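Comments concern the structure below.
Treat the numbers as computed from the prediction; the structure is a model and nothing was measured. Just so we're on the same page: letters track the sequence lines, and every chain starts at 1.
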2 protein chains.
Amino acid sequence: MTQAKIVEVGPRDGLQNEAGVTLEQRIQLVDALSETGLKEIEAGSFVSPRWVPQMADADRLFARIQRKAGVRYSALTPNLKGLESALAAGVDGVAVFGAASESFSQRNINCSVAESLERFQPVMAAARDADVPVRGYVSCVLGCPYEGEIPVARVAEVAQTLYQMGCYEISLGDTIGVGTPAKARAMVMAVAERVPISALALHFHDTYGQALANLLACLELGVTTFDSAVAGLGGCPYAAGASGNLATEDLVYMLEGMGVETGVNLDALVRAGEQICHGLNKSPTSRVAQAWLAKRKETQG
Amino acid sequence: MTQAKIVEVGPRDGLQNEAGVTLEQRIQLVDALSETGLKEIEAGSFVSPRWVPQMADADRLFARIQRKAGVRYSALTPNLKGLESALAAGVDGVAVFGAASESFSQRNINCSVAESLERFQPVMAAARDADVPVRGYVSCVLGCPYEGEIPVARVAEVAQTLYQMGCYEISLGDTIGVGTPAKARAMVMAVAERVPISALALHFHDTYGQALANLLACLELGVTTFDSAVAGLGGCPYAAGASGNLATEDLVYMLEGMGVETGVNLDALVRAGEQICHGLNKSPTSRVAQAWLAKRKETQG
């Protein structure tokens, strides 16, 4: 592999877990990320503000961000109403999400996995009519907070269904960050029997510090698309205070160190993370950002 | 691989970077670690307290820890005076350290790498006479704060010299945590041409969040011995505020998740780290510890 594609999910998967984030801060973050060289930014979620108040006013966000040529700005659209709003806002791509765990699906969206996939049919159709690409997420691919281990065959099945429904890319989410490298590899191998590996993305959370190692274990299988969040934004709703998404800085550092081009300017990325973290009054959980900021502090005296 | 050996370096490499740590706290930490199932604990350093005040009174530490059967308690001994004190204190093993970087050696111990290795000859001889095993550290194996990249041939040469001098194990230290997986693997492959891989240990710091991924990249080469520090104790003296050693909790989580036995009780380990971090008024940088403590907090209320 000589090139990787990074899907920056900080403004959506990261900030949806950050209470008190403002629309202004979200717009600033997307704009800062646009200047880093990232080519794909999941900028928000068209979901009821009653469910996720942090993601409210996605239409206003899309109207106000400075879109940079060559960058794809996408959003999560859990239903037809969300999709219609997203299309009206001029998104470049949308995403739907299924779970690999029945319990997770029932407890989070009050329906079975099959029912949730069924509900995406009209979303897929409308997106197709609008010529907007749809990404599919599968959650709990390496474990569920309610069920524990999830059979890889189940993950493969849900991934295949989403792919057959028309998703151009399937993002495999270790939602609670419990996976370890051998399991991650086995899961990806199982999914790759049903979905072309070029259509797979890894979306690993760093709750137990395993995200980068898990991703590395899957690199040699041929996956080239990775989701991450600047500064390691986000958290784990099942362990408040634990870390969130894999930090984009740490991912870029590893890939570039291995000779894999990401197109991302690490310095600009650290600054983007620093800005949003300052606004949220927290420290980046990205180790690269921590080291970068510590060194800068020393240099400046 | 079905079993791994973990060398816990928290009481030494971790605490030597923690200003204000007391002898009492150091003893408590070693005793707590003894109850976790760890089989090897680097408990201190017999070095002048003018150099490293945090490591003062190693003789008193060794006199007061509760030694558990089956656990090896070792110490760093940079010179003959240190070795004699260590032997008098009844250590089970000692360690010496060389650098793979000339600049690092000159700036840290005021002599060339060759001179430093020469100075270890009497230490090696006296340890041999006392039938105490000597471990050799090589620092800066994946980069130097002054020179940048270090040729792998240079690392291999220093490792081989220490091995030929009689060190039973060579611990390869990414002192400033700058390495990435492909480089780590290339370095270990180069060293393994000169030193049996069964005599190699990996000692990776997590400054840039790469430690676990780097270690994973070397696992398949056959390395089975790993250094780490409970709670991710320590820091980077070249970037104050950055993270320190690879956290033992995160390493154990990964290895056990891959079916590799460590013999370590993760719950006892998290508690040992929690205790010392409480004493130092800091939070563990171990992601596993953070998640563990966050979950406990939720469960309790």
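- The line from CG of B/D250 to OG1 of A/T180 is 12.5 Å long, rounded to the nearest 0.5 Å.
- Listed in order of number, the residues of residues 138-152 of chain B that approach chain A to under 4.5 Å between heavy atoms amount to none.
- Remark: B/K295 NZ is loosely packed, at most 12 non-hydrogen atoms of other residues, nucleotides or ligands lying under 6.0 Å away.
- Contact record, B/M254 with A/A213: SD-CB, 4.0 Å, taken as the closest heavy-atom pair.
- Residues of residues 216-229 of chain A placed with any heavy atom under 4.5 Å of a heavy atom in chain B are listed by number as A/L216, A/A217.
- Among the candidates A/K183, A/Q290, A/Q210, the residue making the largest number of heavy-atom pairs closer than 4.5 Å to chain B is A/Q210.
- Ranked by heavy-atom pairs under 4.5 Å with chain A, the first of B/L293, B/L212, B/L255, B/N214 is B/L212.
- With chain A as partner, the option from B/G177, B/A247, B/P181 having the largest number of non-hydrogen pairs under 4.5 angstrom is B/P181.
- Applying the ring-ring contact (aromatic ring centres under 6.0 Å, His included) rule to pairs touching residues 240-273 of chain A yields A/Y253-B/Y208, sequence neighbours excluded.
- Taking non-hydrogen atoms and a 4.5 Å limit, the residue list of residues 268-289 of chain A in contact with chain B, ordered by number, reads A/T285, A/R287, A/V288.
- In terms of non-hydrogen atom pairs under 4.5 Å with chain B, the most contact-rich of A/G259, A/A211, A/A182 is A/A182.
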